[in-house]
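Inspection log for the structure reproduced underneath, given as structure tokens.
Side chains are part of it too, since the values below use all heavy atoms of this structure and drop only hydrogens, waters and symmetry mates.
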Amino acid sequence: MTSIPGPRKSLSRNTLVTLTAILFFVGLSALFLIIGTTIWLGLRSQAYFSEIVAVRDFRSSVVELRSALLAAETSQRGYLLTGNEIYLAPYGTEKIIAKRNVDLLSRAIPASSPQALPFARLKAAVDQKFVEMETTIELKRVRRDLDALAIIKTNKGKRLTDESNVYFAGLVTFADQRLATASDEQNKNYKLLQLISLAGGIVILLVTTAAAVMVLRYARAIAASRDEVNALNASLERRVQDRTAHLAQLNEE
């Protein structure tokens, strides 16, 4: 007795279900990996961005403090040379700007930072510089020009300015190095995100392609089995017709 063939054993229904489940798990794992990595890298990127903003603000405060100190000294020297109060117009504003930036830097530099000691010395130098400038200004106002000139000749103000410039340069260099490091890490973070996304996309594409190929093979096997069944049914019908005709002929005889 002839049996009716089913789907080809090379890719049975159970095999298809098993492989489909495996591919689904692999694709889902790749998707979760991409999502998790994207979130993690996004948080890292946000942290680096915040650090870059903070370091830029820090550097701006250092530069503004140096500019304010220089502008205040220029104002003081102009007044000492001319005795004209108009030269003192920017002095008060620059002093306020300098104090504000000193306060900003004090909050930006924790006590445990390697820059805490240099900044403390810078702050002391800036404070002494303003004391020196205000002392000479007051002496000029009361017409004690020789006393003011004697203070200037001690070169204390110049030493304080030179000392401040050394600390300014050190803090700016420190900020530039931090910016360069954070920028490099940001670039690495972006490249890693691209790599993970590309790898995950390739895995998902391969899984999708493999699933499509298996479904196509199974569909072809089903179609081939159906064709075989149809051909067998047609053959059986012809055999039945021939057998019926033969029986009819025998009956007639």
Taking only Lys NZ, Arg NE, NH1 and NH2, and the carboxylate oxygens of Asp or Glu, determine whether Lys99 and Asp103 approach each other closer than 4.0 Å.
yes

With the threshold set at 4.0 Å, does a side-chain nitrogen-carboxylate oxygen contact exist between Glu163 and Lys129?
no

Min side-chain heavy-atom separation [X]-[Y] under 4.5 Å:
| X | Y | result |
| --- | --- | --- |
| Ser106 | Phe119 | yes |
| Leu69 | Phe168 | yes |
| Glu73 | Glu94 | no |
| Ile52 | Leu179 | yes |
| Leu41 | Tyr190 | no |
| Gln194 | Leu198 | no |

Nearest-0.5 Å distance, CG of residue Asn101 to CD of residue Glu64:
4.5 Å

A quick test of your reading: do over 12 heavy atoms of other residues, nucleotides or ligands sit less than 6.0 Å from CZ of Arg141?
yes

Other residues, nucleotides, ligands: >12 heavy atoms within 6.0 Å of Leu146 CG
no

Donor-acceptor under 3.5 Å (Ser61 side chain, Leu104 main chain)
no

